[in-house]
There are 2 protein chains.
Amino acid sequence: MSYLIELRHFKYFLAVAEELHYRKAAEKLNISQPGLSRQIKQMEEILEVDLFVRSKRKVTLTAAGEYLKGEVEFILNHLEVTKKQLKYVSQGDFGEVRIGFLGSAMQELIPKLLINLKDKFPGIRTSLEEVSNNAQINALLKDRLDMGFVRLSRVPDGFNIKPVYEDTFSVVLPEQYPLSSQNFKDVSQLSKENFILFSQDYSPLYYDTIMSICEDAGFTPKVSHKSVHAHTIFKLVENNLGVAIVPTSLQYGFQMKVKFIELKNIPQKAVLSMVWKEDNRNPALRHCVNLLLDEASNAN
Amino acid sequence: MSYLIELRHFKYFLAVAEELHYRKAAEKLNISQPGLSRQIKQMEEILEVDLFVRSKRKVTLTAAGEYLKGEVEFILNHLEVTKKQLKYVSQGDFGEVRIGFLGSAMQELIPKLLINLKDKFPGIRTSLEEVSNNAQINALLKDRLDMGFVRLSRVPDGFNIKPVYEDTFSVVLPEQYPLSSQNFKDVSQLSKENFILFSQDYSPLYYDTIMSICEDAGFTPKVSHKSVHAHTIFKLVENNLGVAIVPTSLQYGFQMKVKFIELKNIPQKAVLSMVWKEDNRNPALRHCVNLLLDEASNAN
DNA sequence: GGTAATTAATAACTATGAGTTATCTAATAG
DNA sequence: CTATTAGATAACTCATAGTTATTAATTACC
């Protein structure tokens, strides 16, 4: 009997936890089914914990197995990252920062950050991925991202969050709509319109904020469509299917037959925040975070 | 040649990185020096990175090695934590204990309990709520709390009660009051004063105890005010509206212009007891209770 | 209800590679 | 210039991961 857990065990465990099927998992791992069975069993013996329930013909995770699955995902992933970073370090580079972002952060903030980063730390590589708010938090948890840009007011324990960009909101109207910055007074003029918004799941904060803007103007908006893509929202507005309220910076980067009217005189702002995990060990991340913090403080 | 890194490699690597001496590291690991040498070398081959510089007779870490050391420390540690947590999860030790308490328990006992709990059962979450004696009993009955800290002598059937903290009483006087620990003899010196007490509903035991203290001193106190908050009581004393007798530990945690004189020589003590329902099924509660019982018995 | 198919576990075997002992080379200390 | 101490090399062994073959048990299907 072996006395120690090895990474092999974790890899095997993860395969079974994902497939919930020994033969298929074994196939995926390119080993035989009995070998896999024995390794998993051994693992349970070493850890002194049941990980799977093999009742009848079904394999299911126990509570402990469920927990371990999450941890193993994290550990194996962290290991991959470490290996990669190790190469960079050995070459005298700083490594890679994996950044997640909402589409609306791409208009201005991210490009600026990247240019700055390239300038000050040419050794730091970046990878960029457009991900929703919640998916970013998840990815950060599992160490699949180092840093995110989200529109959230609160984040789980262990996370740092820092507002980095404040934007006004703008009303988005079809081009031929009989309102313009000249005769526009406030949002209440749109109280009879259908609203097209980013879906609540995608960004609860955004959703609540829009609601509060309308409430302040004395009405509850009829929401006819929800989407997760600015492009879709604009397309719907273009086709007279409703009006929208979005962060102003989204007006750049799209070619649509819609017009923007900036809501300069309302207190609500679209706040984009940088999030990262407190205990992230990526040395390149520190530089990246500091760069943005410096910038934010200089801007004031 | 092996193709994959295993945890063994990490453990070996860490030993060498710490000792910077193969033979000593091998000894520590209870393996032979050549075996260790080969594993480290293999590790370098797999990772395709030099981790040590073996110049002459000295072993030193490369930059990459230095980086990896930090990561390996993190990973191995994370692993230990995970293994521990896993046991807890499998035993159902994850979960929440809802604790009710009197304000006066917060000064010392509760913080200590929480620290201990966090240490021994990091998976157990706690929720804390300041509730009066009777409300705690009610909440326990309704299963809105798992555990309470009360000053009561008796509890209904089906409840367990266990004294966990014994405190002396102290007289609370306005700062400029013409009595101090020097010239204070006993409570009878206060027989003409108005008394400010915790209300009878809030804690019958407390109320009766104060009465018995005064009776023992040969007088029946005039009670001018009753309150459920220590803060209020102290505020009233501060403003010369009367004197009070409270558990001594309440003197910490408030900033007031009042002075405490401890009643060391009377038999009455302020007893804080832990209460919980006999048939509570919360497995996390068991741990919590045992922790406190152990502690109480160790203290004796 | 009985046969076929599919599951994971068990048993017996094999072969890879971790770890062993013995030895070598090289550097410093005294 | 030996004696000592370092890590690397070489040859061996042995534990065990992973193999094939089989069993046991459940479900699916006619």
Side-chain angles (χ1 to χ4, degrees), chain A residues 1-62 64-66 68-69 72 76 79, chain B residues 1-62 64-66 68-69 72 76 79:
Chain A
M1 154 151 161
S2 159
Y3 299 94
L4 295 169
I5 288 289
E6 287 295 349
L7 289 177
R8 161 176 38 88
H9 291 112
F10 285 153
K11 285 171 191 153
Y12 293 177
F13 166 75
L14 201 57
V16 179
E18 277 165 0
E19 299 290 331
L20 292 176
H21 196 294
Y22 275 78
R23 190 182 49 74
K24 284 184 195 161
E27 238 165 62
K28 203 164 102 179
L29 294 165
N30 292 314
I31 61 169
S32 66
Q33 173 267 312
L36 179 58
S37 278
R38 262 205 38 214
Q39 288 295 307
I40 297 289
K41 200 178 188 182
Q42 193 189 51
M43 191 172 171
E44 291 179 318
E45 276 163 14
I46 299 172
L47 294 173
E48 299 179 295
V49 163
D50 284 343
L51 299 171
F52 294 102
V53 183
R54 293 89 152 170
S55 75
K56 307 179 178 183
R57 337 182 76 195
K58 261 203 303 204
V59 179
T60 34
L61 282 161
T62 62
E66 203 74 63
L68 187 63
K69 187 186 171 202
V72 166
L76 292 185
L79 229 105
Chain B
M1 156 151 162
S2 158
Y3 299 95
L4 294 169
I5 288 288
E6 287 295 349
L7 289 177
R8 158 177 38 89
H9 290 114
F10 285 153
K11 284 171 193 155
Y12 292 179
F13 166 76
L14 202 58
V16 179
E18 277 166 359
E19 298 290 331
L20 292 175
H21 196 293
Y22 275 77
R23 191 180 49 74
K24 284 184 197 159
E27 238 165 61
K28 204 163 102 177
L29 294 164
N30 292 314
I31 61 168
S32 66
Q33 173 268 313
L36 179 57
S37 279
R38 261 204 40 215
Q39 287 295 305
I40 297 289
K41 200 178 191 184
Q42 192 191 50
M43 193 172 170
E44 290 179 319
E45 277 164 14
I46 299 172
L47 295 172
E48 299 177 296
V49 164
D50 283 344
L51 299 171
F52 294 102
V53 185
R54 293 88 152 172
S55 75
K56 306 179 178 183
R57 336 183 76 196
K58 261 205 301 212
V59 178
T60 35
L61 281 161
T62 62
E66 203 73 64
L68 188 62
K69 186 186 172 200
V72 167
L76 292 185
L79 229 104

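Scope of the values below: all heavy atoms of this structure, side chains included, with no hydrogens, waters or symmetry mates. As the structure is a computational prediction, the values presented were derived from the model and not from experiment. Per chain, numbering begins at 1; letters A, B, ... match sequence-line order.
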Quick one: which of dA6(D), dA17(D), dG19(C) gets closest to the side chain of Arg38(A)? dA17(D)

Between dA6(D) atom C1' and Glu19(B) atom CD, what is the distance in whole Å? 15 Å

Closest of dG19(C), dA8(C), dT20(D) to the Pro34(A) side chain is dT20(D)

Expressed as a whole number of angstroms, how long is the span from Leu4(B):CG to dG18(D):C1'? 14 Å

Side chain of Ser37(B) only, heavy atoms from C-beta on: which candidate in dT19(D), dG7(D), dT20(C) is closest? dG7(D)

Between dA8(C) (P) and Leu20(A) (CG): distance, integer Å: 10 Å

Given dA8(C), dA17(D), dG7(D), identify the nucleotide with an atom nearest to the side chain of Arg54(A). dA8(C)

With the threshold set at 4.0 Å, does a side-chain nitrogen-carboxylate oxygen contact exist between Lys41(B) and Glu45(B)? no

Nucleotide nearest Gln42(B) (side chain, heavy atoms from C-beta), chosen from dG19(C), dT20(D), dA18(C): dA18(C)

OP1 or OP2 of dT19(D) under 4.0 Å from side-chain N/O of Ser32(A): yes

Whole angstrom is fine here: how far is it from CD1 in Ile31(A) over to P in dT19(D)? 6 Å

Under 4.0 Å, heavy atoms only, any strand: does Tyr12(B) hit a base, just the sugar-phosphate, or nothing? sugar-phosphate

Closest approach of Lys11(B) to Ile5(A) (non-hydrogen atoms, all atoms of both residues): NZ-O, 4.5 Å

Tell me the interatomic distance from Glu6(B), atom CD, to dA15(D), atom P, rounded to whole angstroms. 20 Å

So, is Lys41(B) close to the dG7(D) phosphate, meaning a side-chain N or O under 4.0 Å from OP1 or OP2? no

Contact check, side chains of Phe10(B) and Leu79(A), non-hydrogen atoms, under 4.5 Å: yes

Within this structure, what is the NE2-to-P distance between His21(A) and dT6(C), rounded to whole angstrom? 10 Å

Side chain of Val59(B), heavy atoms from C-beta onward: which of dG18(D), dA8(C), dG7(D) has the nearest atom to it? dG7(D)

Check for a donor-acceptor pair, side chain of Gln39(B) on one end and backbone N or O of His9(B) on the other, with a separation under 3.5 Å. no

Choosing from dT10(C), dG19(C), dT19(D), which nucleotide comes nearest the side chain of Arg8(B)? dG19(C)

Using whole Å, report how far CD of Gln39(A) lies from P of dT10(C). 15 Å

What's the CG-C1' distance between Asn30(A) and dT20(D), to the nearest Å? 17 Å

Classify the side chain of Arg23(B) and the base of dG7(D) as holding, or not holding, a donor-acceptor pair under 3.5 Å. no

Check: Gln33(A) side chain, dA9(C) base, donor-acceptor under 3.5 Å: yes

Ile31(B) side, atom CD1; Arg8(B) side, atom CZ - distance, nearest 0.5 Å: 9.5 Å

